[in-house]
Amino acid sequence: MNKKRFYITTTLPYVNAAPHVGFALEIVQADAIARYHRELLGEEVFFNTGTDEHGLKIYQKAIEEGKDPQAYTDEYAAKFDHLKQALNLSYDNFIRTTDSYHVAAAQEFWKRCAAHGDIEKKIYKTKYCVGCELEKTDSELEDGRCSIHPNMDIQTVEEENYFFKFSNSQSALLELYARNPDFVIPPSRLGEIRKFIEGGIQDFSVSRLKRKMPWGVPVPGDPEHVMYVWFDALVNYVSALGWPEDTKKFEAFWGTKELPNAIQIAGKDNLRQQSAMWQAMLISAGLPPSRHILIHGFIISGGQKMSKSLGNVIDPFEIVERYGTDALRYYLLREVPTFEDGDFTIERFAEAYRANLVNGLGNSVSRIVKMAVLSGVDTMYEADFAHDPAFAAFKEYMDRFELKKAADGIWERIGNLDKKIDETKPFKLVRENPGAAKKILRELIEEIWKIDYMLKSFLPETSKKIEAILKHPETIVPLFPRIDA
RNA sequence: GCCGGGGUAGCUCAGUUGGUUAGAGCGUCUCACUCAUAAAGAGAAGGUUCGUGGGUUCGAUUCCCACCCCCGGUACCA
C-alpha cells in the first residue's frame, strides 16, 4: 500500500511588489497544513507555491526600471528565498510561470479547452481614456467617465480576443458545488460563489494582442496573441505536478474525477477565480476538479486596510527580525481567525507574544524542566501520541483546516500544565514525598513531549528547541526572550 | 443600488435545534506562592442584557419585519 498523497498549493503572488503580511498569512497557513500531513500523518506531501510573472503590470514595471522583463522577474523570484527563510516554509516546489515547462503546459491546456469548443474569437470591447492613453475597466470609471479626465469622453476600442466560454460551465459548476458541500471552506464562501454562478455568468477574455503587450505565453497557432495572464497563471496548479507529461504524478497528487485530492488556499478576493473560473477551465480540459478551496480573510491593521499613507503597514520581515519566525507564525495561525479578517497591530502582536509565548509556552517549559532537573527526573519520552484523546481532537480540527481552533487546543494544554503545578505543588511536595513529586513531574514532562509533537506543524523551530531542551535539560535557555515594547 | 459578511464585557471573539443568574482568552484590580523568563495561580470588577425599533412566543442574543452603522465584492487588477 502506497503512502497517502497530499497536495496543497497557494495562489501565486504577482511580482510587482514586495511580499506583504497578507501573503505571509496564506503561505504560513498552507505550510502548517503541509507540515501536519507530512510530519504528523506521514503522508507524501507536495506543497506548491511560486510566482506569477506575466502580464501588463510586470511588463510596465520592468520597462519602468529599465530592465528586461525576464531579468526583473528573476530578481524577484530570488527574493522569495528571503520569505522562505523568514517564515521557515517547507514548500516542495517553487514554480515560476515563466518556467518553460509551465509555458508548455499552459499551451497544452489551452489546446484542450479549444478542442472542447470552449475557446473562440470574439470582439472584445475595451474602454479607453484618451487623456490617460490607457484602457480602463468599469470599476475604474465613475458614471462612465475617467476620474482623472472627467471632461473627456471614454472611447470604446474594439479588438479581437479569444474568449473562454465560461457560460458553458454554469450547470457543471452548480453540480460540483451541490455534490461537494465542503468544496469551498468555509461554507459561507461556497454560498457566495454559488449565488454568483446562479445569477448567470459571462464569458471572459483570455488573450491579449501581442503587439500591445508581448509579455505572455504565446497562444498556440496564433502569433498575434498571447494568453491573458489569468489563464496561464491558473494552469500552474497542474503544471507544477508535471502535467501533461507526468500523468502518474499528476494523478497521484491531483487526484481523479472520482477522488479529487488537491487542496487550494486563496484569499477571499480570489474566490471567483479559484472556485469558479479555474474549475470551469479544468472541466473544459477534461481534468478533475480541486478537492477543497480554502478561503482566508485579509489582514487589516487597526481596523483599517493597510496602506502606506496610513502608516499602518506591517512588514513581516521586521517582525521576524525582532521577535523571531515562530512568533510571527504563531500570530498568523492563532491570533488571526483562520477564515476571516484579522487585525494585526504591533501592540496586539507584542501582547500576544508576551502572554502566550513568553509567559505561556516558554515559561511553562522552563519551570517544569528546571524542577525535573532539580529532582533528577528523566526527561526523555517515547510515546504513541496517536492514541492520546486530546490529540484526536486536535487531529479533527486539523483535518477540517481549523488551524486556530487546533492551536487553541494546544494552548489549553499548556495552560493546564501551570494549573497542575499550582494544584499539586511538586516543588514543595518534593521535600515531603519525593516519590510522589517525581511522578507528577514525570507526567508533566510527558505532557510537554505531546505538546511539542502538536507544535511541529505550527512552530517547527520552537518544537525543535523544546526537544533539544528535553534531551539536554541542564542547558535550558528561555524559548522566547522578553522583548521590551 | 445590488450581493455577501458583521455589529455580544476595555480588546479579540464563543454562543446551530429559543429556556434558569449571557461565556472564554487577553488587559485591569486584589490576594497568595516561589519551581520558572520580576513569571505562573486564585478571586474580583466589568455587558444600562447581546446595533436600533417593532413582531411571534409563556419566554429570544438565538425566529420574522423594518431601520442604522462597519467591512468586502460588484467580473478582465493579478
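Please read all numbers here as calculations on a predicted model, not as lab measurements. Order of the sequence lines sets the chain letters (A, B, ...), proteins ahead of strands, with each chain counted from 1.
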What nucleotide among [options] has an atom nearest to a side-chain atom of [X]?
X       : options                : answer
R208(A) : G5(B), U37(B), C76(B)  : C76(B)
K428(A) : C35(B), A78(B), U34(B) : U34(B)
F427(A) : G4(B), C11(B), U34(B)  : U34(B)
F204(A) : G72(B), C13(B), C76(B) : C76(B)
E340(A) : C76(B), C35(B), A14(B) : A14(B)
Q273(A) : A75(B), A78(B), C76(B) : A78(B)
K370(A) : U37(B), C76(B), C35(B) : C35(B)
R482(A) : C76(B), G72(B), A39(B) : A39(B)
F298(A) : G72(B), C35(B), A39(B) : G72(B)
R431(A) : C35(B), A75(B), G4(B)  : C35(B)

Side chain to side chain donor-acceptor pair (under 3.5 Å) pairs, two or more places apart, involving residues 265-276 of chain A: Y237(A)-Q274(A), Q264(A)-Q274(A), K268(A)-D341(A), N270(A)-Q274(A)
Taking only residues at least two apart or on different chains, which pairs with a member in residues 193-214 of chain A satisfy ring-ring contact (aromatic ring centres under 6.0 Å, His included)? F164(A)-F204(A), F166(A)-F204(A)
Identify, with sequence neighbours excluded, every residue that meets ring pair (Phe, Tyr, Trp, His ring centres under 6.0 Å) alongside W215(A). H54(A)
Distance between the [atom1] atoms of [N] and [M], in whole angstroms?
N      : M      : atom1 : value
U8(B)  : C50(B) : P     : 11 Å
A45(B) : G23(B) : P     : 12 Å
G4(B)  : A22(B) : P     : 33 Å
U61(B) : A9(B)  : P     : 15 Å

Regarding [X], tell me which of base, sugar-phosphate or nothing describes its non-hydrogen contacts under 4.0 Å with the strands shown.
X       : answer
G200(A) : base
V229(A) : sugar-phosphate
D203(A) : base
L479(A) : base
E335(A) : nothing
R189(A) : nothing

Which atom pairs, donor and acceptor, lie under 3.5 Å between side-chain atoms of residues 419-430 of chain A and protein residues at least two apart or in another chain?
from, atom 1, to, atom 2, distance (Å)
K420(A), NZ, E443(A), OE1, 2.7
T424(A), OG1, K420(A), O, 2.7
K425(A), NZ, D422(A), O, 2.8

Please produce a list of atom pairs where a protein N or O lies less than 3.5 Å from an N or O of nucleotides 41-45 of chain B.
from, atom 1, to, atom 2, distance (Å)
G41(B), O2', D422(A), OD2, 2.2

Enumerate all atom pairs, one protein N or O and one N or O from nucleotides 23-32 of chain B, separated by less than 3.5 Å.
from, atom 1, to, atom 2, distance (Å)
C26(B), O2', E351(A), OE2, 2.6
G27(B), OP1, R354(A), NH1, 3.4

Only pairs under 3.5 Å count here: list side-chain donor-acceptor contacts from residues 185-192 of chain A, not counting sequence neighbours, and write none if there are none.
from, atom 1, to, atom 2, distance (Å)
R189(A), NH1, E192(A), OE1, 2.8

Could you tell me if the ring centre of Y162(A) sits under 6.0 Å from that of H225(A)? yes
Establish, with yes or no, whether the OP1 or OP2 oxygen of G5(B) is under 4.0 angstrom from a side-chain nitrogen or oxygen of K268(A). no
Could you check if a side-chain atom of L417(A) sits within less than 4.5 angstrom of a side-chain atom of L444(A), using non-hydrogen atoms only? yes
Select from R272(A) and V477(A) the residue whose nearest nucleotide in RNA chain B is closer to the 5' end of that strand. V477(A)
On RNA chain B, check which nucleotide each of F196(A) and G362(A) is closest to and give me the residue with the more 5' one. G362(A)
What are the two closest heavy atoms between P481(A) and Y353(A), and how far apart are they? O-OH, 2.8 Å
Less than 3.5 Å apart, any donor N or O on the side chain of T97(A) or N236(A) sitting next to an acceptor on the other? no
Suppose we screen for side chain to side chain contact (heavy atoms under 4.5 Å, CB included). Which residues come up paired with [X], at least two apart in sequence or across chains?
X       : result
K79(A)  : none
P218(A) : Q107(A)
A352(A) : Y330(A), Y331(A), E335(A), N356(A)
L56(A)  : Q60(A), M213(A)

Once Watson-Crick and G-U wobble pairs under 3.5 Å are found, how is RNA chain B written in dot-bracket notation, 5' to 3', with | for any base paired to another strand? ((((((((.[[[[.)...(...]]]].((((.........))))......[[[[[..)....]]]]])))))))....
